[in-house]
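Single-structure report; data block below.
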Amino acid sequence: MLVSLTILLYTIVFLYGIVIGSFLNVCIYRIPNRENIVSRSHCMSCGHKLHWYDMFPIFSYLFLKGRCRYCGAKISIQYPLIEALNGVLYVIVFMANGFTFSSVLYCLMTSALIVITVVDERTMKIPVTFNLFLGLIGIVMTVYDWRHILSHLIGMVCVSLLLYALYYFSSGQAIGGGDIKLMASAGLILGWKNIILAFVLACVLGSVLHIIRMKVSKKNNLLAMGPYLSLGIFIAALWGNHFWNWYMSLMIS
């Protein structure tokens, strides 16, 4: 009975995740073009207004075999991939953190990080609205975790001030303003220990993965830090406390 209930809960979490993932696709496509994100969805090729049964996350894409019902144009694989990714990551968040209010906040954070990752990779810019959204999540998390309010407040500035100094002395060449705001908002969510861990992870992952990508693509691409910062934030949010407990046990023994 307990196993069945757990499976049901994770299924519900996944379904919520893919529904929100569908909205993330709208944000990813429209925000860089400064389009209204709440207007009715339409086919990118023929402009036909889509009905609800054309937009059911993942399943509509599979049923329509990846093509528009009205003009037959190919639909980007990004749609089901983002939807599925958001659903899977929601499940991972709840599995790692339990069915708590903080897991809900981490899920919302994860969705914002997905949008930031894709948009920054494509445009080298992080949407201000999503940094503000993360900042709002940070405020809610700080109030919820008020016993550790000092950790959250220090987390907001300890990495972002370092990045701002780097931004200032390099005249904006070494780091972007969006990255600074991202780490300030995420630091408010995670607290000082985990935002430092997130930054270290981002630097390591960014160095290794970007070199691999350049080798594979044979192109000297500019480094967008947003995706790697987002990955570091996600990992630190879920497993950062386990890391610090392990690290402290090594220091004591």
Side-chain angles (χ1 to χ4, degrees), residues 13 16-32 34-39 82 85-87 89-90 92-94 96-120 123 125-161 163-164 175-199 202 225-238 240-241:
V13 168
Y16 268 105
I18 64 176
V19 169
I20 295 175
S22 181
F23 177 68
L24 300 186
N25 276 313
V26 173
C27 296
I28 288 168
Y29 274 115
R30 296 187 186 182
I31 286 178
R34 299 181 183 276
E35 296 180 17
N36 189 344
I37 63 173
V38 296
S39 61
I82 293 294
L85 176 64
N86 199 62
L89 292 182
Y90 272 26
I92 290 174
V93 167
F94 276 93
N97 199 56
F99 286 87
T100 63
F101 180 68
S102 61
S103 292
V104 176
L105 296 180
Y106 284 150
C107 282
L108 295 175
M109 178 196 76
T110 299
S111 292
L113 294 177
I114 290 174
V115 176
I116 287 171
T117 294
V118 179
V119 174
D120 191 37
T123 67
K125 293 181 180 179
I126 295 177
V128 175
T129 50
F130 276 84
N131 273 336
L132 291 174
F133 179 66
L134 286 174
L136 178 60
I137 295 173
I139 293 172
V140 176
M141 180 66 84
T142 302
V143 173
Y144 174 69
D145 189 33
W146 61 271
R147 290 181 179 84
H148 303 100
I149 186 173
L150 187 60
S151 174
H152 291 280
L153 294 177
I154 295 174
M156 182 175 63
V157 298
C158 64
V159 172
S160 58
L161 280 181
L163 295 182
Y164 179 77
I175 198 77
D179 299 320
I180 300 170
K181 298 180 183 71
L182 171 60
M183 295 308 281
S185 298
L188 192 59
I189 298 172
L190 302 185
W192 71 269
K193 286 184 179 180
N194 285 339
I195 198 61
I196 290 174
L197 175 61
F199 181 61
M225 275 301 293
Y228 303 109
L229 291 173
S230 297
L231 183 56
I233 291 166
F234 179 78
I235 294 172
L238 298 190
N241 290 336

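Given the structure is predicted, the values throughout are model-derived calculations rather than measurements.
Around atom OH of Y16, no more than 12 heavy atoms belonging to other residues, nucleotides or ligands sit under 6.0 Å away. Around the OH atom of Y29, the shell of radius 6.0 Å holds more than 12 heavy atoms that belong to other residues, nucleotides or ligands.
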- Starting from the C-alpha separation in whole Å, work towards a yes-or-no answer on side-chain contact (heavy atoms from CB on, under 4.5 Å) for F101 and V140. CA-CA 10 Å; F101 180 68; V140 176; 3.9 Å; yes
- Test side-chain contact (heavy atoms from CB on, under 4.5 Å) applied to V104 and F94, step by step: CA-CA 8 Å; V104 176; F94 276 93; 4.2 Å; yes
- What's the verdict on side-chain contact (heavy atoms from CB on, under 4.5 Å) for H152 and W146, showing C-alpha distance, side-chain angles and the deciding distance? CA-CA 9 Å; H152 291 280; W146 61 271; over 6 Å; no
- Message: If you apply the rule side-chain contact (heavy atoms from CB on, under 4.5 Å), what do you find for I189 with Y106, and how did you get there?
- Response: CA-CA 9 Å; I189 298 172; Y106 284 150; 4.0 Å; yes
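Distance CG/L190 to CD1/I196: 11.0 Å, rounded to 0.5 Å. Here the straight-line distance linking atom SG of C158 with atom CZ of F199 works out to 10.0 Å at 0.5 Å rounding. How far CE of M225 is from CD1 of I180: 12.0 Å, rounded to the nearest 0.5 Å. Here N241 contributes atom CG and N194 contributes atom CG; the two are 5.0 Å apart, rounded to the nearest 0.5 Å. In this structure, CG on D145 lies 10.5 Å from CG on L105, to the nearest 0.5 angstrom. Between atom CD1 of residue I20 and atom CD1 of residue I114 there is a gap of 10.0 Å, rounded to the nearest 0.5 Å.
Exactly one residue among I82, L85, V118 makes a side-chain contact (heavy atoms from CB on, under 4.5 Å) with L24. That residue is I82. Remark: of the listed residues D120, L132, V119, V119 is the sole one forming a side-chain contact (heavy atoms from CB on, under 4.5 Å) with P127.
Residue G135 comes nearest to L188 through the heavy atom pair O-CD2, 3.9 Å, listed as atom of the first residue, atom of the second, then distance. Annotation for Y90 and G17: closest pair CD2-CA, 3.4 Å, computed over non-hydrogen atoms. In terms of heavy atoms, P32 sits closest to T123 at CB-CG2, 4.1 Å.
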